[in-house]
Amino acid sequence: MCCFLIGQYSAPLSKNISRFILRTVDIDTLTHTLEETACKIPWSPPLVNCILKRLWNHGPKALLFFNFLDFLSPRRYAHAASSFNHAIDIAARMRQYNAVWTLLSRMRSRNITPSPLTFAIILERFVSAGKPEKALRIFLSMHHRGCPQDLSSFNTFLDILCKSNRVEMASSLFRALGPRFRPDTVTYNIIANGWCLIKRTPVALRVMKDMVERGLTPTPVTYNILLKGYFRAGQLKEAWDFFLQMKRRGCELDVVTYTTVVHGFGVAGEVEKAQRVFDEMVGHGCLPSIATYNALIQVLCKKDNVENALVVFNDLLRKGYLPNSTTYNVLIRGLCHASEFDRAAEFMERMKGDDCEPNVQTFNVIIRYLCDAGEIERSLSVFAKMGNGVCCPPNLDTYNVLISALFVRKKPDDMLTAGKLLMEMMERGFVPRKFTYNRVLNGLLLTGNQALAKEILRAQSRPGHFPREIRL
DNA sequence: CTAGGGTTAG
């Protein structure tokens, strides 16, 4: 009963708590209030995870909150493994690697074994921060930290490398360690997909052949990977032939296959062909999913016109499909692209009715297009609608788009705004690109904003600062 | 977060 209630209320409760945390600027007030109210809140892992997700784009506060709960007596609350994973993910994204290791060892001292997921998170962050060799060392030694290496963690690591365009490294690792882990179909699919991601479809085909020679049977997933690869590489004819061959040979054509083809032809400008494949799939016993609709809508927005996309949107509603946030974001982008900002705003309102709240992407699209149209003020007011980060915290993209837009007109005031945004993003735990950082700093110095420049320099010297370095 | 399809421009 108790669990049921907590589960039921954890969404609104997490919203209130995370709003309070985001709103409170003063760290001592924050800590005191948390201390005073902690005993009245029914902490549970789902609730804590919910809050951590809402604080995702404010890393320092997320870690502060995590840390606060971690120091309550274990009788009152003890973090679950999943919460540790979230905290580790957040720390790693802020590139606070010391904090990552501290959290990992604290996890073990609380008798929680780091799971393969914990390591997947760590490996992913190191690879995407441009440190694949470091990631490799971590992978090779993870059994010393309580997590065994097996085929599935090997596959995960290969996949992480491939998704960050490190196929060559994945491939040589595959050759070197393959015998030890006994690769399966999944392993081969991951590597083939890796080559497809960098448009090397012939190599992907070779991997597929190797797989067959090794006695493994390709699955529908394998074929879909290759099919998508041809489209991505711009090999339309090969893609079409491959699709026909799949049909001829009686391969299972599933909804993913059709979505790939609709999207592939559409973005290549062959809208009619995309539409035809979309129309024929039902006759072949395959119902479109919302993703298929999203693909078609995006294609019409990009290569045809928004009004036709809206026809398809109304059609899916009539058929009883539930649009998701991607559906709305695609349409909103289409409307923005046609400079229909007011109608875009209408759709943003409409989202709320369909229980998909506008998300960061929604805001980012509108902010981006407004900036492109030179409407900086309007863009900033949409940014302010993110509730100063209380409703929908901005992410790295939001700041990047806005800051670079502030360099277009040569207004001194814009530099001041850019400086404030840079300061804010750093307070929220984002690591600005060197280029952005230097550009804003120079801009501030040239426009006589020495004070703010100094403040930024001070903040820079203590990374992850809010309002002082988070101690773990 | 052991593999495949929809969101961001160029």
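Order of the sequence lines sets the chain letters (A, B, ...), proteins ahead of strands, with each chain counted from 1.
The residue A:Thr292 sits close to a base: some heavy atom pair falls under 4.0 Å. Using a 4.0 Å heavy-atom cutoff across all strands shown, A:Ser325 reaches no nucleic acid atom at all. No engagement by A:Asp372 is indicated, since no non-hydrogen atom pair under 4.0 Å with the nucleic acid exists. Among the atoms of the strands shown, none is found under 4.0 Å from any heavy atom of A:Val401. Residue A:Asn364 is classed as having no contact, given no heavy-atom separation below 4.0 Å to the nucleic acid.
A:Arg368 has no carboxylate O lying under 4.0 Å from a charged side-chain N of A:Asp372, or vice versa, which leaves the two without a salt bridge. We find that A:Asp89 and A:Arg93 are not joined by a salt bridge, their nearest charged nitrogen and carboxylate oxygen being 4.0 Å or further apart. Ion pairing between a basic and an acidic side chain is recognised when a charged N comes within 4.0 Å of a carboxylate O; A:Lys385 and A:Glu349 show no such pairing.
Not a single donor-acceptor contact under 3.5 angstrom links the side-chain atoms of A:Thr327 to the base of B:dG6.
Counting only heavy atoms from C-beta on, A:Asn294 has its side chain closest to B:dG6 among B:dA3, B:dA9, B:dG6. Of the candidates B:dA9, B:dG6, B:dG5, the closest approach to any side-chain atom of A:Gln298 belongs to B:dG6. Relative to the side chain of A:Thr326, the nucleotides B:dC1, B:dT7, B:dA3 differ in distance, and B:dT7 lies closest. Side-chain proximity of A:Thr260 to the nucleotides B:dC1, B:dA3, B:dG5 is greatest for B:dG5. Of the listed nucleotides (B:dA9, B:dG6, B:dC1), B:dG6 has the atom at the smallest distance from the side chain of A:Thr259. Of the candidates B:dG5, B:dC1, B:dA3, the closest approach to any side-chain atom of A:Lys228 belongs to B:dG5. Of the candidate nucleotides B:dA9, B:dT2, B:dT7, B:dT7 has the atom lying nearest to any side-chain atom of A:Gln361. Nearest nucleotide to the side chain of A:Asp89, out of B:dG6, B:dT2, B:dC1: B:dC1. Nearest nucleotide to the side chain of A:Asp184, out of B:dG6, B:dT2, B:dG5: B:dT2.
In this structure, OH of A:Tyr321 is placed 14 Å from C1' of B:dG6, rounded to the nearest angstrom. In this structure, CD1 of A:Ile332 is placed 16 Å from P of B:dA9, rounded to the nearest angstrom. Rounded to whole Å, atom P of B:dG6 lies 5 Å from atom NE2 of A:His263. Taking atom CD1 of residue A:Ile121 and atom P of nucleotide B:dT2, one finds them 10 Å apart after rounding to whole Å. A straight line from CG of A:Leu300 to P of B:dT7 spans 14 Å, rounded to a whole angstrom. The NZ-P distance, from A:Lys302 to B:dG10, rounds to 8 Å in whole Å. Going from atom CD1 of A:Ile88 over to atom P of B:dC1 covers 18 Å, rounded to whole Å. Straight-line distance from the CG atom of A:Asn85 to the P atom of B:dC1: 14 Å, rounded to whole Å.
With values rounded to the nearest 0.5 angstrom, A:Thr259 atom OG1 is found 10.0 Å from A:Lys228 atom NZ.
Taking the O4'-C1'-N9-C4 or O4'-C1'-N1-C2 dihedral as appropriate, B:dG5 has a value more than 90° from 0 and is therefore anti.
In this pair, A:His79 and A:Phe66 present their aromatic rings parallel. The plane angle is below 30°, not in the 30 to 60° band. In this structure, A:His86 and A:Trp56 have perpendicular ring planes: the angle between them is above 60°, well past the 30° mark.
When the C1' atom is compared between B:dT2 and B:dG6, the two are found 23 Å apart, to the nearest whole Å.
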